Chemist: 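Okay, here's the structure, questions in a sec.
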Amino acid sequence: MIEVLGVTKSFRGPGREVRAVDDASLHVGKGEFVLILGRSGSGKSTLLGLIAGLVRPTSGSVRIKGNDIGLLSDNSLAELRAREIGFVFQFSGLLPTLPALENVLVPTLLCRGGPGTRSRAREILARVGLTEREDAYPATLSSGEMKRVAIARALINGPSLLIADEPTGDLDVDTEYEIMDLFRQLNLEGMTIVMVTHNPDLACFATRLYVMDRGKLGLEPGPFPAKDREPGNAAAGAPDDE
Amino acid sequence: MSSRHEFHFPGLVFRNLVNRPYRTIVFVFSFALIAATLFSSQYLMSGARESLDEGVSRLGADILVVPEDYAAAGQSVMMTGEPNTFFFEDSGYRKISGLPGVARASPQIYIATLFASCCAAPVQMVAIDPETDFTVSVWLKENPGVTLGKNDIIIGSGVIQDTGRDLQFYGHTFHVVGQLARTGMGVDNSVFVRFEDAYVMAGESRQKAASALVIPRDRVSVVLVKTDPGRSAVSVADEIRRAVPGTRTIVREGLLDAVSGQLEALTRLLYGSTVAIAVVSVPLLGVISAMVTHERRREISLLRAIGAKKSFVARIVLAETLSLAVTGSLAGIGSAAVILAGFQDFIRISLEIPFTTPSAAAMIADGGIALLLPVAIGGISTLYPLLLVTRSEPYETIRRGEP
Ligand SMILES: Nc1ncnc2c1ncn2[C@@H]1O[C@H](COP(=O)(O)OP(=O)(O)OP(=O)(O)O)[C@@H](O)[C@H]1O
Ligand SMILES: [Mg+2]
């Protein structure tokens, strides 16, 4: 599904060069649930941008479904994103002039599949637990609610790949586990998921875990027995702050 | 039509317009102003041109022969019905009917009347020679059963009295037998009687009227001329001026020139304001577009990041501006049309031009032109936003939180 080979992304900072992603390689098979853990500034968001073709690598290559996305035209890349990838951005970003429900429907305008129906958007909003606020404008939503609208928007076109950058960052623990439960369900339905978090406790949901540290990506050795852990128990056993 | 249950592109555009009211209002207002001034200019030109064509062809004359010193006065009577009394110096005008190229010639006497109860403004009385007349007689032929007999009067559309009632001029009572259709020209403000009755009215005026009226025998005010088929009015007019000293001639082309001359000041003002408004609004709309687009960089980047092609974002920008341009223009054209229609008579009187409401076809053409300019200006104002779209760096813009 995803093949990242020796990708480096450096930014020209004041004075010296910043290597946000440093010679990272990553493999995600179809149907996997990959989690990337790392401290703030370690390059996680940049890596996700590279995977989705939103950031051009300084060196190395990214393949999605066998296509080297560095070779795709602007338009083909846009089409790939619209059709195959659902992206939940770290800073959710909704269109301020549209109510929640229509924000969810925007990606349906980008695919040849035709305009999506409101009833379908409503179903997805229900899955992220937001049935009441479908007519609310982003300015009146809490950040957690916005994030859930953004998740619903990422799912509306039924992508085969979901990329999520700290999708539960603004959520309380209960809602966080509801969302993680939804992700696990989507994963069981066949959706490939790559997710970034800095909450190590979510490692239990992953089929594969990477850790990022100052641009370097490392594979954490498995197994992850936590996959069968009950969300309720996990919430109860929330990690102590250290 | 978009179903209530689906979300379409126009829905997205509509939300963007409605939920950015500041830009929407400024744009719609500016476009309305531009379209309204442009439409008004076009409308006045069309109305004047049509009125003149209509009025001149109704008159049925190719040449109007007037006394040398009264060319301007004769023209005003014709065009706006501004009343005047004047006469040829002598009876040389009688030669006109015999000149080569002249098919018919008919003298008329112009008499300015005083304020009458019928009318808001003084009325021009035109006395015709029933023997030779070919203008009122055309109307009489179109209205079988009506004759212009002793003490009868036919009134222009602007004179308020019912057919069958009486009207008094210089103390003389006339019987209204008919009313002419509106032309927008001087005819509307005129009344038509026979020579004999005018002479009787003048004779009685010393006793009956507040001021006496003198109509010298054997003197007329103008001679209407119809040329032989195939003869050019201009060449026949030259002939008349040469053969009959002390005359001036007015031909249709000359009238058109005079009208456009009179309109020029106004249309220059209107076109000038259109240009001025356009010159001010292009940068204004450009700056607002740029500001809105700048403010929307995140939004544009977000759309691109979730898979919108540049062309899709460009379509949004264009659709929004064009919707505003079309809405604003239609509003501007509509209100201008309503105002112009309401002040129809005011326009005719204050501009001193022949004027009638333009035909539907002319109005559609005028409206089309008035729509085109705002659309073009709208197009120009999207250039910068479109440039931003093509240069957008989606992830760079949305990577961080709100600045
Ligand atoms: N466009 C850019 N220009 C300059 N530096 C950048 C740019 N994008 C990212 N960086 C730098 O690259 C590094 C990694 O950034 P990135 O946003 O990927 O981190 P992150 O792991 O997502 O952090 P966080 O958990 O806080 O979101 C940071 O030091 C950041 O300052
Ligand atoms: Mg990040």
Side-chain angles (χ1 to χ4, degrees), chain A residues 11 20 45-46 48-50 52-56 73-99 101-111 114-122 137-139 143 150 153-154 156-157 159 165, chain B residues 1-24 291-317 319-320 323-324 389-403:
Chain A
F11 296 101
S45 294
T46 307
L48 293 187
L50 286 161
L54 290 164
V55 178
R56 298 265 173 202
S73 70
D74 229 33
N75 278 351
S76 324
L77 203 51
E79 213 156 295
L80 180 77
R81 279 201 293 271
R83 201 174 286 280
E84 301 287 349
I85 304 176
F87 203 134
V88 182
F89 303 100
Q90 183 172 8
F91 300 96
S92 58
L94 301 177
L95 298 182
T97 53
L98 301 183
L101 190 79
E102 289 176 8
N103 255 292
V104 173
L105 282 163
V106 167
T108 65
L109 300 177
L110 308 174
C111 273
T117 59
R118 281 164 208 277
S119 54
R120 167 144 172 72
R122 235 168 248 134
Y137 281 89
S143 57
R153 178 180 65 198
I156 187 91
N157 276 350
D165 196 344
Chain B
M1 274 277 100
S2 85
S3 124
R4 262 194 88 247
H5 303 288
E6 289 181 349
F7 183 60
H8 291 269
F9 183 79
L12 174 65
V13 172
F14 179 76
R15 291 277 195 207
N16 283 343
L17 296 179
V18 168
N19 291 317
R20 275 203 178 76
Y22 168 67
R23 175 192 55 166
T24 299
M291 271 164 50
V292 168
T293 313
H294 210 71
E295 180 190 302
R296 292 173 78 181
R297 268 179 323 166
R298 274 187 85 80
E299 207 176 309
I300 292 171
S301 298
L302 180 71
L303 281 167
R304 300 266 294 116
I306 63 176
K309 295 175 186 167
K310 283 177 181 170
S311 58
F312 180 87
V313 185
R315 259 170 63 211
I316 295 181
V317 172
E320 286 180 16
S323 312
L324 293 174
V389 170
T390 60
R391 290 198 179 156
S392 62
E393 294 258 12
Y395 204 52
E396 187 47 37
T397 318
I398 58 170
R399 193 177 60 85
R400 279 158 287 149
E402 298 286 345

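These numbers were taken from a predicted model, which means no experiment stands behind them. Excluded from the calculations below are hydrogen atoms, water molecules and symmetry mates; all remaining heavy atoms, backbone and side chain alike, are included. Proteins come first, then strands; the chains are lettered A, B, ... in the order of their sequence lines, and each starts at number 1.
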Chemist: Counting only heavy atoms closer than 4.5 Å, note whether Asn75(A) contacts chain B via side chain, backbone, both or neither.
Modeler: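 The answer is both parts of Asn75(A).
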Chemist: Among Ala121(A), Ala154(A), Pro96(A), which residue forms the greatest number of heavy-atom pairs with chain B at distances under 4.5 Å?
Modeler: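 Counting heavy-atom pairs under 4.5 Å, the top option is Pro96(A).
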Chemist: Does the side chain of Val104(A) come within less than 4.5 Å of Phe7(B)'s, by heavy atoms?
Modeler: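 A side-chain contact is absent here, since even the closest heavy-atom pair is not under 4.5 Å.
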Chemist: For each of Thr97(A), Leu54(A), Thr46(A), tally heavy-atom pairs with chain B at distances under 4.5 Å, and name the one with the top tally.
Modeler: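 That would be Thr97(A).
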Chemist: Could you tell me the separation between the CG atom of Leu302(B) and the CZ atom of Phe91(A), rounded to the nearest 0.5 Å?
Modeler: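 Rounded to the nearest 0.5 Å, the CG-CZ separation comes out at 14.0 Å.
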Chemist: Between Arg298(B) (side chain) and Gly93(A) (backbone), is there a donor-acceptor pair under 3.5 Å?
Modeler: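 No.
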Chemist: Sort Arg304(B) into side chain, backbone, both or neither according to what part of it lies under 4.5 angstrom from a heavy atom of chain A.
Modeler: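 Both backbone and side chain of Arg304(B) come within 4.5 Å of chain A.
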Chemist: For chain B, which of Asp165(A), Leu98(A), Leu77(A), Ile85(A) has the most heavy-atom pairs under 4.5 Å?
Modeler: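 Looking at each of Asp165(A), Leu98(A), Leu77(A), Ile85(A) in turn, Leu98(A) comes out on top.
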Chemist: Could you give the distance from CG (Leu105(A)) to CG (Leu12(B)), rounded to the nearest 0.5 Å?
Modeler: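 Reported value, rounded in 0.5 Å steps: 11.0 Å.
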Chemist: Specify which of Ala52(A), Ser119(A), Pro99(A) makes the most heavy-atom pairs with chain B at under 4.5 Å.
Modeler: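 Heavy-atom pairs under 4.5 Å are most numerous for Pro99(A).
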Chemist: At a 4.5 Å cut-off on heavy atoms, which part of Asn157(A) comes close to chain B: side chain, backbone, both, or neither?
Modeler: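 Contact with chain B involves no heavy atom of Asn157(A) at all.
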Chemist: To the nearest 0.5 Å, how far apart are CD1 in Ile306(B) and CZ in Arg153(A)?
Modeler: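 Interatomic distance, Ile306(B) CD1 to Arg153(A) CZ, rounded to 0.5 Å: 5.0 Å.
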Chemist: With side chain to side chain contact (heavy atoms under 4.5 Å, CB included) as the criterion, how do Phe312(B) and Leu109(A) come out once you've worked through the C-alpha distance, each side chain's angles and the decisive distance to 0.1 Å?
Modeler: CA-CA 9 Å; Phe312(B) 180 87; Leu109(A) 300 177; 4.0 Å; yes
Chemist: Can you list everything that forms a side-chain hydrogen bond (donor to acceptor under 3.5 Å, both in side chains) with Tyr395(B)? Sequence neighbours excluded, please.
Modeler: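 Expected list: none.
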Chemist: Could you tell me which residues satisfy side chain to side chain contact (heavy atoms under 4.5 Å, CB included) with Ala82(A), sequence neighbours excluded, listed by chain and number?
Modeler: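 Residues passing side chain to side chain contact (heavy atoms under 4.5 Å, CB included) with Ala82(A): Leu110(A), Cys111(A).
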Chemist: Does a sphere of radius 6.0 Å around CZ in Phe14(B) hold more than 12 heavy atoms from other residues, nucleotides or ligands, not counting ones at 6.0 Å or beyond?
Modeler: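 No, CZ of Phe14(B) has 12 or fewer neighbouring heavy atoms, counting only those of other groups under 6.0 Å.
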Chemist: Test Arg118(A) against Glu6(B) for side chain to side chain contact (heavy atoms under 4.5 Å, CB included), laying out the working first.
Modeler: CA-CA 6 Å; Arg118(A) 281 164 208 277; Glu6(B) 289 181 349; over 6 Å; no
Chemist: Before giving the answer on salt bridge (Lys or Arg N to Asp or Glu O under 4.0 Å), spell out for Asp74(A) and Lys309(B) the whole-Å C-alpha distance, their side-chain angles and the decisive distance to 0.1 Å.
Modeler: CA-CA 8 Å; Asp74(A) 229 33; Lys309(B) 295 175 186 167; over 6 Å; no
